[in-house]
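This report refers to the structure that appears directly beneath it.
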Amino acid sequence: MNRQDSATLLEQRPISSPSPSRGLVWGLVGVVAFSFSIPLTRVAVADGGLPPLFAGAGRAVIAAALAAIALIATRQALPRGSQWLRVAVVALGVVIGFPVFTSFALTTASASHGAVVIALLPAATAVVAVWRGGDRPPLHFWVLAAAGAVAAMAFAVLQGGGFGSLRASDLLLFGAVIAAAVGYAEGGLLSRQIGAWQTISWALIVASPVMVVLTAVSARNGLHATTNGWLAFAYLGVISMYLGFFAWYRGLAIGPMTTVSQVQLAQPVFGIAWAALLLGESIGWSTILGGLAVIAFAALATRTRTRT
């Protein structure tokens with residue numbers, strides 16, 4: 001074993017520590033970082049004037065550049081064998097799928113409608129985690145997770161995100177949920193082997209050839225965005241697409257993954273609050289009461305224990 005391998009193992013040792021409260025704290029930090037993603041994507045593509053493909057792919061190019069610097073500067077070891085395939089799964093889910101789907105969806109859907117994506121993610125992530133990671137949560141966990149998802153969806157709908165008839169943007173949002181759930185669960189598992197920030201970094205590197213081409217294609221006719229559009233795009237690239245995953249994957253790696261994933265139920269509350277500040281959406285008592293209900297279900301779900 002060389003020096004680099006030893007350093008990597010030492011760095012990963014805290015991730016496997018059986019401390020659910022630490023996992024929840026890291027998960028919450030990641031959720032707060034991600035909670036700006038939906039409203040700022042709306043700012044970038046609808047108000048800021050950036051093409052949706054550029055907003056979805058370009059943010060990954062920015063994040064990949066940061067990832068390359070971090071990986072080279074710290075001399076990280078390459079993933080091995082089947083780990084490359086798992087990195088590719090993460091890349092398809094959270095680097096390509098979620099940002100591209102949501103960028104196109106939010107050209108027509110409102111930020112509050114986009115919150116439906118966040119409402120479905122915790123339950124979807126928990127399902128994938130059980131299938132992929134072998135977690136065995138008790139029955140009352142599933143009851144609380146389902147109740148939380150319903151409450152979060154109702155909360156988003158009351159804020160003006162009603163489905164009505166099924167639209168193209170809805171299909172894109174459902175696709176984003178599936179992509180993110182797979183990427184989150186696989187990334188959380190892989191983080192236990194190669195590290196949290198290393199997982200998202202290698203996923204960005206793997207996806208970078210595709211994302212560079214998509215970015216170039218989307219910018220071929222020129223870019224004419226507002227200052228706010230560019231600032232939103234910068235946040236999406238640096239925080240939503242990269243630094244937020246440092247905390248999120250670390251939280252999922254500490255786990256239990258099915259429990260930590262439920263912290264996302266608070267994300268619609270944060271997201272609509274930021275949408276009110278950034279996009280001028282009004283917040284009334286329905287927002288306050290709905291937010292309290294969502295957070296309550298999240299808190300109850302996170303107190304459950306997985307069966308061994």
Side-chain angles (χ1 to χ4, degrees), residues 30 33-34 36-38 40-46 48-73 76 78-79 83-107 114 117 121 169 172-173 175-187 190-191 194-225 229-246 248-249:
F34 294 152
F36 287 92
S37 298
I38 294 297
L40 288 184
T41 298
R42 174 75 179 175
V43 169
V45 301
L50 286 173
L53 184 58
F54 181 87
R59 72 178 78 173
V61 175
I62 293 176
L66 297 175
I69 294 171
L71 290 170
I72 293 172
Q76 292 297 309
L78 293 171
Q83 289 178 344
W84 281 113
L85 179 59
R86 300 175 67 187
V87 167
V89 171
V90 175
L92 286 172
V94 301
V95 179
I96 299 175
F98 186 83
V100 172
F101 286 157
T102 54
S103 292
F104 276 99
L106 290 169
T107 58
V117 174
L121 261 176
S169 60
L172 290 169
L173 292 172
V177 168
I178 296 172
V182 173
Y184 283 171
E186 192 63 48
L190 186 57
S191 294
I194 66 174
W197 72 268
Q198 294 92 333
T199 296
I200 187 61
S201 294
W202 286 117
L204 287 162
I205 296 300
V206 166
S208 61
V210 173
M211 303 312 267
V212 167
V213 171
L214 293 178
T215 302
V217 169
S218 64
R220 67 187 184 281
N221 294 324
L223 299 171
H224 307 284
W230 284 116
L231 290 175
F233 177 72
Y235 182 95
L236 293 171
V238 176
I239 306 297
S240 294
M241 196 74 261
Y242 193 47
L243 297 182
F245 280 98
F246 284 37
W248 180 239
Y249 276 155

- Query: If every non-hydrogen atom of Ala60 is compared with every non-hydrogen atom of Met241, which pair is closest and at what distance?
  - Reply: CA-CG, 3.9 Å
- Task: Locate the shortest heavy-atom distance separating Leu106 from Arg42; write the atom from each residue and the value.
- Result: O-NH1, 2.9 Å
Can you find a pair of side-chain heavy atoms, one from [X] and one from [Y], that are under 4.5 Å apart?
X	Y	result
Thr199	Val87	no
Leu172	Thr102	no
Trp230	Leu223	yes
Gln83	Ile194	yes
Tyr242	Ser201	yes

Within this structure, what is the [atom1]-[atom2] distance for the pair [X] and [Y], rounded to the nearest 0.5 Å?
X	Y	atom1	atom2	result
Phe34	Leu236	CZ	CG	11.5 Å
Thr215	Ile62	OG1	CD1	8.5 Å
Leu231	Leu40	CG	CG	9.5 Å
Leu71	Leu204	CG	CG	9.0 Å
Ile239	Phe246	CD1	CZ	10.0 Å
Ile72	Ile69	CD1	CD1	8.0 Å

Throw together a table of side-chain donor-acceptor distances under 3.5 angstrom for residues 90-99, partners on residues two or more places apart or in other chains.
none

- Taking the six-membered ring for Trp and the full ring for Phe, Tyr or His, determine whether the centres of Tyr249 and Trp197 are under 6.0 Å apart. no
Let me have the donor-acceptor pairs involving side chains of residues 49-59, under 3.5 Å, with sequence neighbours excluded, atom names and distances please.
unit_1: Arg59; atom_1: NE; unit_2: Ala55; atom_2: O; d: 2.9
unit_1: Arg59; atom_1: NH2; unit_2: Thr41; atom_2: OG1; d: 3.3
unit_1: Arg59; atom_1: NH2; unit_2: Ser103; atom_2: OG; d: 3.1

- With sequence neighbours excluded, tell me which residues meet ring pair (Phe, Tyr, Trp, His ring centres under 6.0 Å) with Phe36. Tyr235, Trp274
- Query: For the side chain of Trp84 and the backbone of Pro79, is there at least one donor-acceptor N/O pair under 3.5 Å apart?
  - Reply: yes
